[in-house]
**Q** 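This is the structure I have questions about; it appears just below.
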Amino acid sequence: MKTRYRVILISILVIMLVAIRFFENSLFYDPLINFFRSDYLLHIIPPMDMAELMLNLTFRFIMNTFICLAIIYIAFQNINILKFSVILYAVLYLLGVVAFIFLVLNIEREHYLALFYVRRFLIHPLFILILIPAFYYYHLSRKRMN
């Protein structure tokens, strides 16, 4: 695939990630969005439907993950890198969800910030910011070896 088309496809995928973020209030149930936008340290955590929250959190994670995996594949065109990324995203999801559920069920004011960051890591495609440079470095080091 020509570099020009790869750049265009990756740009479209990044716009899709931005659209998910831009329309988050209308697309997903998440009472914690407004909670963390306010002065959350002075308030108690709002009541929430955990089943619906987890379903929406999972759906959002999957949407972001598929787009990120497409970006990774288009950028590197290597099926092994894609397989490794799928495993990393699955492990990240499992660890993140366990931490999120634990924090929500055992929430105290001093854990609000931990809940904020775990939730942020699950609902935003931050992991790709780590993977792209890592895979690029791997790609360059493999080129030097050959």
Side-chain angles (χ1 to χ4, degrees), residues 1-38 40-41 45-46 48-108 110-146:
M1 183 182 305
K2 288 187 176 184
T3 304
R4 168 194 265 159
Y5 297 118
R6 288 171 48 193
V7 169
I8 291 170
L9 285 173
I10 290 172
S11 298
I12 291 168
L13 291 167
V14 169
I15 290 169
M16 290 171 68
L17 288 173
V18 170
I20 291 171
R21 168 78 168 148
F22 186 75
F23 295 109
E24 69 185 354
N25 287 329
S26 58
L27 291 174
F28 307 106
Y29 167 78
D30 191 351
L32 296 175
I33 290 174
N34 291 328
F35 175 71
F36 284 120
R37 284 189 181 150
S38 69
Y40 62 89
L41 290 175
I45 198 161
M48 53 190 138
D49 180 353
M50 274 302 285
E52 188 176 358
L53 177 61
M54 292 309 300
L55 184 66
N56 279 268
L57 185 100
T58 299
F59 180 60
R60 186 169 180 180
F61 183 84
I62 289 170
M63 286 175 64
N64 284 331
T65 298
F66 279 135
I67 294 169
C68 290
L69 290 173
I71 290 171
I72 289 169
Y73 183 72
I74 292 168
F76 298 103
Q77 297 181 343
N78 184 323
I79 197 71
N80 291 325
I81 287 176
L82 183 65
K83 289 177 185 177
F84 184 68
S85 299
V86 168
I87 292 168
L88 286 176
Y89 272 100
V91 169
L92 169 72
Y93 175 76
L94 291 175
L95 292 174
V97 165
V98 167
F100 181 80
I101 291 171
F102 175 80
L103 288 169
V104 167
L105 295 178
N106 300 301
I107 197 66
E108 295 177 18
E110 50 273 356
H111 297 130
Y112 281 176
L113 204 53
L115 177 64
F116 173 79
Y117 285 116
V118 169
R119 183 184 142 279
R120 171 89 50 201
F121 204 69
L122 285 170
I123 67 171
H124 296 300
L126 301 174
F127 202 45
I128 197 166
L129 297 176
I130 298 166
L131 290 180
I132 294 283
F135 291 145
Y136 182 71
Y137 177 77
Y138 171 76
H139 180 74
L140 287 179
S141 66
R142 296 238 354 180
K143 268 186 165 178
R144 281 187 229 146
M145 294 173 120
N146 294 332

**Q** As a test of understanding, state which of V104, L53, L32 forms a side chain to side chain contact (heavy atoms under 4.5 Å, CB included) with R119.
**A** L32
**Q** Nearest 0.5 Å, what's the CG-CZ distance between L122 and F127?
**A** 11.5 Å
**Q** For F28 and F23, what are the C-alpha separation, side-chain angles and deciding distance, and is it a side-chain contact (heavy atoms from CB on, under 4.5 Å)?
**A** CA-CA 8 Å; F28 307 106; F23 295 109; over 6 Å; no
**Q** Return a table of donor-acceptor pairs under 3.5 angstrom between the side chains of residues 56-64 and protein atoms on other chains or two or more places apart.
**A**
residue : atom : partner : partner atom : Å
N56     : OD1  : Y29     : N            : 3.1
N56     : ND2  : E52     : O            : 2.8
T58     : OG1  : M54     : O            : 2.8
T58     : OG1  : Y93     : OH           : 2.5
R60     : NE   : I123    : O            : 3.2
R60     : NH1  : E24     : OE1          : 3.1
R60     : NH2  : E24     : OE1          : 2.7
N64     : ND2  : R60     : O            : 3.4
N64     : ND2  : I123    : O            : 2.9

**Q** Picking from L13, I15, I12, what satisfies side chain to side chain contact (heavy atoms under 4.5 Å, CB included) with I67?
**A** L13
**Q** Show the numbers, then the answer: is there a side-chain contact (heavy atoms from CB on, under 4.5 Å) between I128 and Y89?
**A** CA-CA 10 Å; I128 197 166; Y89 272 100; 3.8 Å; yes
**Q** Could you walk me through whether I71 and L9 pass the side-chain contact (heavy atoms from CB on, under 4.5 Å) test, one step at a time?
**A** CA-CA 8 Å; I71 290 171; L9 285 173; over 6 Å; no
**Q** Supply the atom-to-atom distance R142 CZ to N78 CG, rounded to the nearest 0.5 angstrom.
**A** 7.5 Å
**Q** Compare every heavy atom of Y138 with every heavy atom of I81, then report the nearest pair and how far apart it is.
**A** CD1-CD2, 4.2 Å
**Q** Once you round to the nearest 0.5 Å, how far does OH of Y117 lie from CG of L126?
**A** 11.0 Å
**Q** If you apply the rule side-chain contact (heavy atoms from CB on, under 4.5 Å), what do you find for V91 with L88, and how did you get there?
**A** CA-CA 5 Å; V91 169; L88 286 176; 5.8 Å; no
**Q** Quick check: closest heavy atoms across A99 and V118, and the distance to 0.1 Å?
**A** CB-CG1, 4.1 Å
**Q** At what distance, to the nearest 0.5 angstrom, does CZ of F116 lie from CG of L103?
**A** 13.5 Å
**Q** How about L82 and F76: do any of their side-chain heavy atoms sit closer than 4.5 Å?
**A** no
**Q** To the nearest 0.5 Å, tell me how far F102 CZ sits from N106 CG.
**A** 4.5 Å
**Q** What is the distance from atom CD1 of I72 to atom OG of S85, rounded to the nearest 0.5 Å?
**A** 3.5 Å
